[in-house]
Amino acid sequence: MAKKRGAFRGKPKKYHAEAKGKDRLAYKEVVRLLGENESVMNIHRETGLARNTIYAIKKEFESKK
């Protein structure tokens with residue numbers, strides 16, 4: 001019932017194109033590495049971001065292509 005009303009929208013994304021500061025730098029680094037066809041595991045090792053986060057950025061990145 002509450003979800004249908006829109007009371008629950010989920011947690012806002014931390015890493016996105018319009019983010020500020022360190023979050024934006026991390027996002028840009030992931031996008032750069034994805035553009036170089038790096039594997040998600042290698043990006044995870046380099047940046048320390050969770051693989052799920054990288055997959056979410058990858059999904060967004062591929063939908064913009």
Side-chain angles (χ1 to χ4, degrees):
M1 186 94 168
K3 190 169 187 174
K4 286 182 183 180
R5 278 196 332 248
F8 298 111
R9 296 187 200 126
K11 184 177 178 182
K13 288 184 180 179
K14 185 173 181 180
Y15 302 101
H16 55 90
E18 289 80 33
K20 305 235 188 255
K22 294 187 295 184
D23 297 343
R24 184 173 186 160
L25 292 175
Y27 174 84
K28 284 188 171 194
E29 180 67 8
V30 170
V31 169
R32 183 185 68 79
L33 292 169
L34 287 170
E36 295 176 1
N37 292 321
E38 277 292 326
S39 71
V40 171
M41 195 65 199
N42 285 341
I43 296 171
H44 163 69
R45 287 182 186 127
E46 277 190 44
T47 62
L49 293 177
R51 289 182 304 152
N52 283 340
T53 302
I54 298 167
Y55 279 116
I57 293 171
K58 182 177 181 179
K59 184 177 177 181
E60 180 183 323
F61 175 68
E62 289 175 346
S63 69
K64 288 183 180 181
K65 280 186 172 180

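Along the sequence shown, the residues carry numbers beginning at 1.
The salt bridge (Lys or Arg N to Asp or Glu O under 4.0 Å) test applied to K28 returns no partner, not counting sequence neighbours. Take E46 and apply the side-chain hydrogen bond (donor to acceptor under 3.5 Å, both in side chains) test, not counting sequence neighbours, and it matches no residue. When the side-chain hydrogen bond (donor to acceptor under 3.5 Å, both in side chains) test is applied to N42, the partners found at least two apart in sequence or on another chain are E38, S39, R45. Checked against side-chain hydrogen bond (donor to acceptor under 3.5 Å, both in side chains), E36 has the following partners two or more places apart in sequence or in another chain: R32.
Each of V31, L25, V30 was checked for a side-chain contact (heavy atoms from CB on, under 4.5 Å) with Y27, and the lone residue meeting it is V31.
Pairs of residues two or more places apart, or lying in two chains, never qualify as side-chain hydrogen bond (donor to acceptor under 3.5 Å, both in side chains) while including a residue from residues 15-26.
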List the atom pairs, donor and acceptor, that lie under 3.5 Å between side-chain atoms in residues 48-56 and the rest of the protein, sequence neighbours left out.
none

